[in-house]
Amino acid sequence: MMPLYKNITSIPYIIALGLSSAIFTLSPVSSASAESVIEAVEASLANHPRHEIAILQIEQAEQDRKEQRAAFFPTLRGGATVGRIYGDNATSRGLNVTRGSGYSWLGEGNIALTQNLFNGLGTINKNRAADGREAAANYSKEDVREMLASETVLAYMDVMRTRESLAFLEKQKEALSKYEPQFSVLVEQGAVDSTDQTQARDALADLQAVQSEIESQNKSALARYRMMTGRAPIGELMQPNLMLNMPEDVDMAIGWALQNHPQILAAGENIHAAWHDSLVERSAFFPKIDSELSYYKKEQEDIIGGEVTDARAVVKLNWALSTGGVEAAKFRKSRKLYQESLAQRKDNELTIMNNIREAWITKDKIADQHAITTRRLNLAKALMNTRRDQFEGGKVSLLQLMQAHSQYYALGLEKLQLDYAQHNSDYMVLSAMGALYSRLTPQVAAIEDVPALKDDEPEIEDFCDHQQEHPHKGKSGKHAGAELCPKSE
C-alpha cells in the first residue's frame with residue numbers, strides 16, 4: 001500500500017516548512033480585531049532590546065562627536081588661593097643681613113584662555129573620525145532594524161502558516177473520518193476485509209501525527225512572535241497581496257545591495273573613521289602650537305614679597321617624541337586597523353552577494369516546486385474523480401478511493417506550504433538586499449486585488465459525504481450501501 005502521507009514528508013514539503021529565513025510583508029488592515037505585519041514589526045522595534053542597544057550606541061557616538069568638536073574652541077582655566085602664610089626672605093651680603101620674615105594674609109588668583117593653533121591636524125582628524133563612527137552607528141541601527149523586521153515577519157508568517165495548516169488538516173480529518181462508518185458497514189456485510197478498515201485507521205493515525213507536528217510548529221511560532229514583539233498576536237493575522245519593486249535578476253539585486261545595504265554603508269563609514277584615526281596618530285610627530293592669554297595676581301605683605309601681577313599674551317610651542325618609538329608604533333597599529341576595516345567591508349560584500357545568490361536560487365527552486373506540485377494536484381484531482389467513478393462501477397475498493405482522497409488533500413497541504421514559500425522567497429531576496437523594512441511601508445508597497453484562481457491552480461474541494469448520510473443508497477454489487485459524493489462539475 002502506498003503511504004497516504006508520502007507527499008507530506010517529501011523534500012518540497014520539508015523545504016517549505018524549513019524556510020527559517022523566509023520573509024513576507026503585509027500592509028495594515030482596517031479591522032480592529034486584526035494585526036498587520038507592520039504593526040508587529042513596529043511593536044518589535046519599540047520593545048526589543050537589540051533596537052534599544054543600537055539607539056544607545058548612536059547616542060554614544062553623538063556625544064563622542066560633540067566631545068571631539070569641543071577641541072576647536074578655546075580652553076578656559078582659572079584658580080584662586082586664599083589663606084594665611086609665613087615667609088622668610090632673609091638674605092645676607094657679606095657682613096650685612098636683611099631680615100624679611102613674617103606672617104601675612106595671602107590672596108592669589110589666575111585665569112588663562114588657551115587656543116590650539118596647530119597640532120598636526122589632529123583635532124580635525126579626530127572630528128572626522130567621530131563623524132564617521134556616528135554615521136556607522138546610524139547604519140548599524142538600520143541593519144538591526146532590518147534583522148528585527150526579518151525575524152518578526154518570519155514569526156508572523158509562521159503563525160499564519162501553521163494556523164491555516166491546522167485548519168486545513170482539521171478539514172481533511174473531518175472528511176476522511178466519514179469513511180470509518182462506511183468501512184464498518186462494508187465489513188459487517190462481508191464486502192471488504194477488515195484489513196482495509198485497519199489501513200484506513202492507520203491513515204487517520206498518520207494524519208494525527210502530521211497534525212501534532214504542525215501544532216508543535218505553531219507553538220514555536222507563537223513563542224518566537226512573543227519574543228520579538230513582547231506579546232501574543234492580536235486577533236487574526238491578515239495576508240493581503242503587495243506589489244513591491246523587486247529586482248529583475250540577481251545581478252540587479254547585487255548591484256543595488258552593494259550600493260545601499262546598511263552593513264556595507266556602515267563598513268564604509270568605519271573605513272573613513274579608521275583612516276582619520278591613523279592621521280590622528282601621525283599628528284603626534286608634529287609640534288603643538290598654542291596661544292595663551294593669561295592674568296595672574298598675588299596679594300601678600302611686603303615683608304615677604306609684596307604684590308605680584310603677571311599678564312601675558314603668548315604663543316607656546318611644545319614638541320615631545322618618545323625615544324622608544326611609541327608614536328611610530330601607534331601609527332603603524334592605526335594603519336593596520338585601517339587595512340582591517342577595508343578587509344571587513346570586502347568580507348561583508350562577499351557575504352551579502354552570496355546571501356542574495358542563495359536567496360535567488362531558493363526563489364527559483366520554490367517556483368519550480370510550486371509549479372510541479374500544482375500539476376500533481378491537478379493529476380490527483382483527476383485521479384480522485386476517476387476513482388469515484390470506478391468505485392461507483394465496482395472496479396476499485398473503498399480503501400483505494402480513500403487513498404486517492406487522502407493523496408489529494410496531502411498535495412493540497414503541500415501546496416499550501418509552497419504558497420507561503422513562494423511568497424516568502426521574494427522577501428528572502430529583499431531581506432538579503434537589506435531592503436525589507438523600507439518596503440513594508442504602505443507608501444512603497446501598493447495593495448493589489450487578490451487575483452482570480454488560474455486554471456492550473458485548483459482549489460481544494462469541500463467533499464460532502466453521502467456515504468454516511470445515506471448508507472443504504474449505493475450501487476448494487478460488492479459496494480452496496482455506499483453512495484459517493486457527486487463529482488464536482
Side-chain angles (χ1 to χ4, degrees), residues 15-16 18-28 36-45 48 50-51 54 139-161 224-225 228-229 237-267 348-370 417-448:
I15 292 176
L19 284 172
S20 59
S21 59
I23 309 300
F24 188 73
T25 62
L26 308 174
S27 67
S36 73
V37 72
I38 299 177
E39 293 169 335
V41 170
E42 294 301 331
S44 176
L45 296 179
H48 204 284
R50 266 189 281 167
H51 193 251
Y139 286 127
S140 295
K141 176 194 168 186
E142 292 184 15
D143 187 49
V144 169
R145 188 177 61 186
E146 286 289 332
M147 290 188 289
L148 289 177
S150 174
E151 295 175 32
T152 303
V153 176
L154 171 60
Y156 185 98
M157 288 305 296
D158 270 352
V159 172
M160 286 191 62
R161 177 183 62 81
R224 293 197 309 274
Y225 189 96
M228 298 307 302
T229 63
L237 305 182
M238 307 302 292
Q239 182 183 329
N241 288 338
L242 300 175
M243 295 185 298
L244 299 177
N245 184 22
M246 291 292 296
E248 296 179 1
D249 52 41
V250 65
D251 292 333
M252 183 178 293
I254 290 174
W256 189 94
L258 292 179
Q259 296 295 323
N260 299 279
H261 199 290
Q263 288 185 16
I264 293 177
L265 296 177
N348 289 349
E349 290 175 349
L350 292 175
T351 300
I352 290 169
M353 289 164 57
N354 182 68
N355 290 342
I356 293 174
R357 289 191 179 101
E358 288 186 353
W360 205 275
I361 290 171
T362 300
K363 169 182 165 66
D364 291 340
K365 179 170 64 176
I366 292 299
D368 293 341
Q369 291 172 348
H370 187 274
Q417 311 304 314
L418 289 172
D419 284 341
Y420 276 91
Q422 189 173 38
H423 287 301
N424 292 342
S425 62
D426 287 338
Y427 298 94
M428 290 173 66
V429 173
L430 290 179
S431 180
M433 291 168 55
L436 175 63
Y437 180 81
S438 63
R439 306 191 185 197
L440 280 174
T441 57
Q443 291 80 6
V444 178
I447 301 177
E448 65 178 356

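Keep in mind it's a predicted model, so treat the numbers as computed, not measured. Position 1 is the first residue of the sequence; numbering continues from there.
Of all heavy-atom pairs between Val429 and Ala253, the closest is CG1-CB, 4.5 Å. The two atoms that bring Ile352 and Ala257 nearest to each other are CG2-CB, 4.0 Å, heavy atoms only. Closest approach of Asn348 to Gln263, counting heavy atoms only: ND2-O, 3.7 Å. When all heavy atoms of Val153 and Val37 are compared, the closest pair comes out as CG2-CG2, 3.4 Å. Heavy atoms only, all atoms of each residue included: Tyr437 and Leu45 are closest at CE1-CD1, 3.6 Å. Pro247 and Trp360 get closest at one heavy-atom pair: O-CH2, 3.4 Å.
With a 4.5 Å cut-off on side-chain heavy atoms, His261 and Asp143 count as touching. Counting heavy atoms from C-beta on, the side chains of Leu148 and Val144 come closer than 4.5 Å. With contacts defined as side-chain heavy-atom distances shorter than 4.5 Å, the pair Pro262/Arg145 does not qualify. Under the 4.5 Å side-chain criterion, counting only non-hydrogen atoms from C-beta, Arg50 is in contact with Glu151.
Residues passing the side chain to side chain contact (heavy atoms under 4.5 Å, CB included) test with Glu349, sequence neighbours excluded: Leu258, Ile264, Arg345, Lys346. For Arg224, the salt bridge (Lys or Arg N to Asp or Glu O under 4.0 Å) partners two or more places apart in sequence, or in a different chain, are Asp158.
Here the side chain of Ser425 pairs a donor or acceptor atom with the backbone of Gln422 at under 3.5 angstrom. Judged by distance alone, with hydrogens and angles left aside, the side-chain atoms of Thr229 form no donor-acceptor pair with the main-chain N or O of Ala43 at under 3.5 Å. Under the 3.5 Å distance criterion, the side-chain polar atoms of Glu146 are left unmatched by any main-chain donor or acceptor of Ser431.
For the atom pair CD1 (Ile366) and OH (Tyr420), the distance works out to 15.0 Å, reported to the nearest 0.5 Å. Between Ile38 atom CD1 and Thr152 atom OG1 the span is 12.5 Å, to the nearest 0.5 Å. Of the inter-residue distances, the one linking Met433 atom CE with Gln259 atom CD reads 12.0 Å to the nearest 0.5 angstrom.
Applying the salt bridge (charged side-chain N to carboxylate O under 4.0 Å, His left out) rule to pairs touching residues 352-363 yields Lys363-Asp426, sequence neighbours excluded.
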